[in-house]
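Below: one structure, written as structure tokens.
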Amino acid sequence: MLTKRPRRLRANSIIRDMIRETHISMDDIIYPLFIVEGENIKREIGSMKGNYHFSIDRLEEEIKELVELGVKSVILFGIPNEKDCCGSEAYAENGIVQKAIRKIKEVSKEIYVVTDVCMCEYTSHGHCGILTEEGYVDNDKTLEYLSKIAVSHAEAGADMVAPSDMMDGRIGAMREALDKSGFVTVPIMAYSAKYASAFYGPFREAADSAPAFGDRKTYQMDPANILEGVREVELDIEEGADIVMVKPALAYLDVIRKVKDTYNIPIAAYNVSGEYSMIKLAVEQGLLNESAIMESLISIKRAGADIIITYFAKDLARMLKENK
Ligand code: PBG
């Protein structure tokens, strides 16, 4: 006689829900927003269907929609009109992100505003820092700029800053700069294990941030390495990161799990543009059922992420409401 029957607990949705091990809710989600200069712009991003470039004056309607849907947090990316060698628009008082933060805070107190701290959208060469004459990203010089950017975001009212540059020592430098400026309560979410990934492809169009020459392999990590990811996380924790991130998410679930098992700190995972567009297009083409979205987001949580940054935030909000 068969006595062990795992199917007993799969008989209907009530019992299946009761024994579900992993849950996802809008509490876990951060939604990326792309802000451009100009007026009356809400323009779909070709490489990332369902995501838009917004000018400041069109942000209000978007923020209201997000609040309505139950999205609680956004991460901002700015695309400036002017780029230069040293990304000066990134820390300008009236820079695109600084204006967007103030606008969002004016429209709603309910949205938690995170900012991406990086230079690649603001530099004419598209690299995430200041270049030496030989075209190498000068780590320590870049730290001064990143710190200025973080402080200027905090001054504009950002709730949390998220450095994505992968320079050495940036978390410590930024923590010190924020503290000195009186922002001891602003947390840092560090893009700690950030890989040099082809899955950022669609984002480069969204943020106009492709490097003009070379690649990012001298600062972003080799996709083959997991122990190095753990070392990066360890450094960021030592330097004062409040949350550590693994990016991308789906091809790096093992890294998320390893970090979860090694450290006692909240973990974010960035479900990046390429991961989004692959599934989005496949669903649109009828190749995949829409439940693939939920399945992939749940896998990121199952791997150990507490927080997911995802372009699927609006789809997820709808699916959770429809109980899909
Ligand atoms: C900036 C940055 C990138 C992403 C987030 N911040 C691009 C890059 O590093 O090339 C990628 C996000 C995505 O693909 O969704 N450094």
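The figures here come from the full heavy-atom set of this structure, side chains too, leaving out hydrogens, waters and symmetry mates. As the structure lists them, so they are numbered: ligands from 1, and atoms in each ligand from 1. Numbering starts at 1 and runs along the sequence shown.
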Nearest protein heavy atom to atom 14 (O) of ligand 1, by residue and atom, and its distance?
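That would be S273 OG, 2.7 Å.
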
For atom 10 (O) of ligand 1, which protein heavy atom lies nearest, and how many Å away is it?
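Scanning the protein heavy atoms, the shortest distance from atom 10 (O) of ligand 1 goes to R204 NH2, 2.8 Å.
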
What do you reckon, does [X] put a non-hydrogen atom under 4.0 Å from ligand 1?
{"X": "Q220", "value": "yes"}
{"X": "Y311", "value": "yes"}
{"X": "C118", "value": "yes"}

Residue [X] vicinity, atoms of ligand 1 by number, heavy atom under 4.0 Å:
{"X": "S164", "result": "1 (C), 2 (C), 6 (N), 16 (N)"}
{"X": "R216", "result": "8 (C), 9 (O), 10 (O)"}
{"X": "C120", "result": "1 (C), 16 (N)"}
{"X": "K247", "result": "2 (C), 3 (C), 4 (C), 5 (C), 6 (N), 11 (C), 12 (C)"}
{"X": "F77", "result": "5 (C), 6 (N)"}
{"X": "Y270", "result": "12 (C), 15 (O)"}

Between E61 and R58, is there a side-chain N and carboxylate O pair less than 4.0 Å apart?
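A salt bridge is present here (some side-chain N lies under 4.0 Å from a carboxylate O).
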
Qualifying residue, where the test is ring pair (Phe, Tyr, Trp, His ring centres under 6.0 Å) with F77 and the options are F203, Y122, F54
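Of the listed residues F203, Y122, F54, the ring pair (Phe, Tyr, Trp, His ring centres under 6.0 Å) partner of F77 is F203.
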
Closest candidate by heavy atom, reference atom 2 (C) of ligand 1, pool K194, E121, H127:
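Shortest heavy-atom distance from atom 2 (C) of ligand 1: K194.
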
Whether the side chain of [X] engages the backbone of [Y] through a donor-acceptor N/O pair (distance < 3.5 Å, no angle test) should be reported.
{"X": "T123", "Y": "G87", "value": "no"}
{"X": "S296", "Y": "I293", "value": "yes"}
{"X": "S209", "Y": "E121", "value": "no"}

Using a plain distance cutoff, I'd like to know if S209 has any nitrogen or oxygen under 3.5 Å from a nitrogen or oxygen of ligand 1.
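So ligand 1 has no N or O lying under 3.5 Å from an N or O of S209.
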
Can you measure from CG (L59) to NZ (K103) and round to the nearest 0.5 angstrom?
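It is 7.5 Å, given to the nearest 0.5 Å.
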
For residues 172-183, dump all side-chain donor-acceptor pairs below 3.5 Å to protein atoms at least two apart in sequence or in another chain.
{"residue": "R175", "atom": "NE", "partner": "D179", "partner atom": "OD1", "Å": "3.0"}
{"residue": "R175", "atom": "NH1", "partner": "V186", "partner atom": "O", "Å": "2.8"}
{"residue": "R175", "atom": "NH2", "partner": "D179", "partner atom": "OD1", "Å": "2.9"}
{"residue": "R175", "atom": "NH2", "partner": "F183", "partner atom": "O", "Å": "3.0"}
{"residue": "R175", "atom": "NH2", "partner": "V186", "partner atom": "O", "Å": "3.2"}
{"residue": "E176", "atom": "OE2", "partner": "K180", "partner atom": "NZ", "Å": "3.0"}
{"residue": "S181", "atom": "OG", "partner": "A177", "partner atom": "O", "Å": "3.0"}

If you count the non-hydrogen atoms of other residues, nucleotides and ligands that lie under 6.0 Å from NZ in K217, is the total more than 12?
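Result for NZ/K217: open.
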
ring-ring contact (aromatic ring centres under 6.0 Å, His included) assessment of Y270 paired with Y276:
CA-CA 10 Å; Y270 201 136; Y276 168 82; over 10 Å; no

Looking only at heavy atoms, is any part of D165 under 4.0 Å from ligand 1, and if so is it the side chain, the backbone, or both, or is it neither?
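Neither; no heavy atom under 4.0 Å.
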
